Structure formats: structure tokens, C-alpha cells
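Remarks on the structure that follows.
Computed from a prediction, not measured in an experiment: that's the story for all the values here.
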Amino acid sequence: MISIITHSETGKALAEKILRKEPDAKMIQKPVDYNKLWQTGHALVFIGALGICVREIAPFLKNKKTDPAVINIDANGQFVQPVVSGHIGGANELAKKLANLLGATPVLTTVSDTSELWALDVLPRQFNWKMECSGNHTSLTGHFVNRKKTALLLETRDKGTLFLESGCPEFVDVFYSRKELNTENYNLILAITPFLHDFGDKAIFYRPPMVCLGLGCQRGLPYEEFQQTLEKSLKEQGISSLSVASLATAELKKDEDAFLQLSREWGVLLHSISSEVLAKYNVPNPSEKVEVVTGSAGVAEAAAMHLAENGLLIQKTKLQAGNKFFTYAVAIDAQKERKGFVEFVGAGPGDPELVSVKGKRLLQTADYILYAGSLVPRELTEYAKSGCVVESSAGMDLYTQLESMKQYYDKGLSVVRLHTGDPCIYGAIQEQMAIMDKWGWHYHITPGISSFQAAAAALRSQFTIPEEVQTIILTRGEGRTPMPEKEQLNKLAQSQSTMCIYLSAAIAQKVQADLLAHYPPETPVAVCYKLTWQDEKIYRCTLETLAQTVKENKLTMTTLIVVGKAIDNRSGESKLYDRKFAHAFRKGCE
């Protein structure tokens, strides 16, 4: 919520402009109850002279950790300046947003912003981490903004570490293991880790949510003793409770008050898991008694393994709280564990700038890149960091590819398997994933822009026409790889949808014949060769001249054929922007 405060008619007009574009805002004119406003925690936006703003808020300023965001805008709407709580309170982010809304200039004066360094205070909110310091936070932050020697310890892999790895300042050294880091060589240590380390008074710790805690107990567990005993034990095991992402227990114990209170106090979900699911896990410490009661040989261990989709970091530990016993086990979320990992990345259609931001960061941080050399331009691999090994898979069969990745995966390194377009569309990743599943590997898919999307952009065409064409078919002709009977081109053609045909230039004559069974001969066609590459070529023709066009231009590989009347179409209007069409964000007009 934003409270806009103004004392002039000029300021009121500007406030009304903001109100029209920002639904979560309200305007306040004299009298202003600052004491009440300050306690709400809402952002305060002053319109007028900066000096007036400072004098009016001065009596209420207490602490940058609790003060609300305060922003000042001149009455003419030229400059938007955060006054207090730039980072923690979000004033800097709000200033940028309001500046964009008004076409104004944001005036940011915090050192991390003016020097283009990471805003250390903002990282927790940005990446859902929790922060704690082993020394004076202000002094430690000062070391960073003054570019003192800094170590970055990454013992997890998530969106935040990917961001940090791909844009390290020159004074920051990256480490992936505590054993490699000599504390004496650094003024500051930034540690993104669930593990407890002693770095003296030099560290800012960021605790990522990646610890999955399985729980079991006797009924009537006393909460305070339970919480204190659990936190003490986790500390002794070297685990920060701030990194606990989720709790889990058997369905029989889902209403256990101590578990519910812990869930509320730690701000994490308590999952209840059925005995059928828990029984599927082969736990290292089975109990016949537990199995009789719950149907599973081990609740805490199985629950932790199920949540994390991973093996155990800490096996079942039995403790006492008051006169009751409880057990817990710990597993690390497999998707965030810093060990061998494969990321399938969609390279996009070819232009290195059309890979996603996340895809680029993954390429910048990978230890090994295996790219589809026959389809992906090598320029995309130039994002690789120094020391990264880059290989083409063009001459490799399936098992050679997997064995090549295995050398790096087994060392705990990061592997990017780079496929053209979007890897889920004719990307041949299914057979790779089947083997990875068998080997127990951890992997993830980052989508990319498909060539059919690049074709629509290059053709300046919307592939759907209101009330006429509402379906886009992605398919291929039948070549050496057979097509299912019900997906033969002549059958799909019955819909006369926009059809994007991959991998079929070599059989253009057959494609043309199959489509002519239902599409008119004059149907527009675009034959797209190497979309977004430097040597991109697009040939427009009709369906009856498709085969001739392909033959005359000697097109075989890296060609997409688009068929349908949506190509170059400019007829038809959607309901979405019709003046009479009402929806959740706009009232219709008569």
C-alpha cells in the first residue's frame, strides 16, 4: 500500500495521475496523522520539496530495519528520490517503479546502486533467503561497498547463487567448499549455505530454504522443550534452523500440536504424508513398532526423503522433550543441493541474444557445456566462463553424450546440455532423461524460444485469427521416423489450422501432397531457413509451389515450414480490446 502526501494543487494533480495507474495507492492531504501512518508500515510518497519531506518525517525516524519506505517526488514529476529505507524497506525499487510510471528520473544515492554492486540487504527478499551476521552488519557491508577482498561461499545451487556467480565483481573470489576457503585472506565472507561455519566476525550468512525435516513423536509432545531440544541438536549437527524449508510427518501426527506450533513459529509448511507413500522408502533405521502403528518402517526418515526427493543428510535422531520422545531426520532439497547437476537449456532459435536470461546465466556458470553442434550456433557457447569445457554432440550417439556428461556430474560439477529452440519440442531429451532417472541424477529444464515463435515474429504474423483460426499445430512430416497413423499430415490438415512443420524440408513434395488434401492450393506458406541466424532466409510461396520453392533454394536442414492463412493476415479483431468488452481490469463502454 502507498500513501501519497501532498500539500499543493500541483502535487494533487500529480498524485491523481499516480492513482489512476496504481490501484494500491491513496492520497492524503492536510491534516496528516504521521504517527498512525508510520505504524502501518505503508510506503510514504511525498510530492513537493525534499526539505519539507525531511522535516515532517524527522521526528518518526528510528531504525532502517523498521522505518517504512519514504520517497520524495518534485511537484512537476521530474525526479523520484528514495529518502529512507532504500534497500530493506524497498524505497529504491518503488522509486524505480514510480519513475517508470511517470516518465521521471529515479535518483538513487545508495552506494551499492551507484557503484553497480549487489545490494546485500536486498538479497534475502530477492531470493527468499534469511540473513544473519557474525559481526557488525554495517562494518561488513562497508567492506563490500569499499571493494575490500571478499570471499563468496556457495553451498547451494538456486536462482540467487546463479545470479551471484554470473556477475561477480573483480574483488570477489568464489568457493564451493568451506575446506578451500582461508578466512585470513579476506575482509568479508558472504556465505550462502544451510551449514554452520565459524568465520569469526567476518561473515554475512544467507540461509536458503533447502533443509527438509522429517518428524515423528509420541503424542502430547511439550512444545517449548521440543523446540529447544531440536534447535540445539540441529546446531550440534552443523545445520541452521533458518534454512529449514519444510516439515513433514505421518498423517497420524498431522494434528500434533507441537509440530503445528513449530510450523507457525518457523514460518514453514507442515506436510502430512500417507502411510502408503512413506512405506515405499527403504529407510536405514527401520522400526517394527513404528511400522505397526503407522504402516511405515520409519516416519522421520521416509518423510524427509520424500520431501527432498533425496537421500538423508542426517539419519533418524531420537531425542527427549519432557517425558516424551521424538525423532527427526534431515535431507537436502535435491534441486538445491550443490553437487552434480544437469540443466537442459533451450538455446532459442539461433540468435545468441534470444536465449533466456536464466539460460545465459546457466551458460556463464557451467563447468561443462555439451551443445547440439549441428543445430546450435557456437556463438552461444561464448558465454562460457574461463575454465569451462565446451563440446559439440554432433558426432556423438546417445550413450557417448551421457558418458561425456557423467565425467563432470560425478565430480559434483554443473553441466549444461544445450539444445536448439525449446528442448521439449523435438529436442530428443526424453531418452536422455530416462537414463538419468535410472542413474539417479538430478536435472532440470530451462525452456527456450522455439523456432515457431521466431517464425511468427519474423513474418510479423499472429498465428491465430479471431473466430477463424484458434489452433497452432506443431508437427513433422513422415520421413525415416514413422508418424502415428492418427497424426498423419493429411489428417491434421482437416482443421486448416496454422501448421508449423519441423524437420521436413527433405520430403517437401510429400508434405505438399498431404496438405493439399484439405488446404486450398493458394494457402500462404513461409519456408523459414535458419531463423534468427545471420544467414536467415525466408521464402514466401503458396502451398501448390511449396516443393518447388524448397527444391530451387536447395533447402534441407534447419528449415521450418509454416502453412496457413494466418500468415500476413490483418483481418479480424479480438474481443480483448473491444471498447464494449468488460473484464477484470477494465469496464466495457456502451
If every non-hydrogen atom of [X] is compared with every non-hydrogen atom of [Y], which pair is closest and at what distance?
X: Y539; Y: T549; answer: CB-CG2, 3.7 Å
X: P352; Y: E379; answer: CG-CB, 3.8 Å
X: P423; Y: G346; answer: CD-CA, 3.3 Å
X: I449; Y: A454; answer: CG2-N, 4.4 Å
X: S392; Y: G373; answer: OG-CA, 3.2 Å
X: P349; Y: L354; answer: CG-CD1, 3.9 Å

**OP:** Evaluate the criterion side chain to side chain contact (heavy atoms under 4.5 Å, CB included) for residue pair V563 and V511; output intermediate values, then yes/no.
**Re:** CA-CA 11 Å; V563 180; V511 168; 6.0 Å; no
How about [X] and [Y]: do any of their side-chain heavy atoms sit closer than 4.5 Å?
X: V45; Y: N72; result: no
X: C424; Y: I445; result: yes
X: H442; Y: M436; result: no
X: L162; Y: R157; result: no
X: I73; Y: I18; result: yes
X: H271; Y: S246; result: yes
X: Q509; Y: V550; result: no
X: M396; Y: S404; result: yes

Verify, without hydrogens or angle tests, whether [X] (side chain) and [Y] (backbone) share a donor-acceptor contact under 3.5 angstrom.
X: D422; Y: G448; result: yes
X: T545; Y: Q548; result: no
X: T542; Y: E522; result: no
X: S504; Y: Y502; result: yes
X: Q453; Y: S450; result: yes
X: T365; Y: R361; result: yes
X: E343; Y: L362; result: no
X: Y519; Y: Q512; result: no
X: Y409; Y: S414; result: no
X: S8; Y: G11; result: yes

Look up atom [atom1] in [X] and atom [atom2] in [Y], then write down how far apart they are to the nearest 0.5 Å.
X: K21; Y: E16; atom1: NZ; atom2: CD; result: 13.5 Å
X: Y426; Y: S451; atom1: OH; atom2: OG; result: 10.5 Å
X: E22; Y: K97; atom1: CD; atom2: NZ; result: 4.0 Å
X: D568; Y: S461; atom1: CG; atom2: OG; result: 4.5 Å
X: T381; Y: L370; atom1: OG1; atom2: CG; result: 11.5 Å
X: K438; Y: L402; atom1: NZ; atom2: CG; result: 10.0 Å

Do the side-chain N and O atoms of [X] and [Y] include a donor-acceptor pair separated by under 3.5 angstrom?
X: D437; Y: Y443; value: yes
X: Q470; Y: T464; value: no
X: Y206; Y: T161; value: no
X: Q462; Y: N569; value: no
X: Q401; Y: R417; value: yes
X: Q432; Y: H419; value: yes

**OP:** Please step through side chain to side chain contact (heavy atoms under 4.5 Å, CB included) for the pair L474 and F452, ending with a clear verdict.
**Re:** CA-CA 8 Å; L474 310 181; F452 88 89; 3.7 Å; yes
More than 12 heavy atoms of other residues, nucleotides or ligands under 6.0 Å from [atom1] of [X]: is that the case?
X: K360; atom1: NZ; answer: no
X: Q78; atom1: CD; answer: yes
X: K130; atom1: NZ; answer: yes
X: Q494; atom1: CD; answer: yes

Original post:
What is the ring orientation for Y368 with Y408, classed by angle as parallel under 30°, tilted 30 to 60°, or perpendicular over 60°?
Top reply: parallel
**OP:** Would you sort out whether E391 and Y371 count as a side chain to side chain contact (heavy atoms under 4.5 Å, CB included), showing the intermediate values?
**Re:** CA-CA 6 Å; E391 286 189 292; Y371 74 106; 5.9 Å; no
Subject >> Presence of salt bridge, D158 and K336, under 4.0 angstrom >> reply: no
**OP:** Go through the steps for Q488 and D514 under the test side-chain hydrogen bond (donor to acceptor under 3.5 Å, both in side chains), then give the verdict.
**Re:** CA-CA 8 Å; Q488 297 286 333; D514 286 344; over 6 Å; no
Original post:
Going through the checks in order, is the side chain to side chain contact (heavy atoms under 4.5 Å, CB included) test met by Q364 and E165?
Top reply: CA-CA 8 Å; Q364 290 173 323; E165 281 181 276; over 6 Å; no
**OP:** Only counting residues at least two apart or in another chain, list the ones meeting side chain to side chain donor-acceptor pair (under 3.5 Å) with D351.
**Re:** none
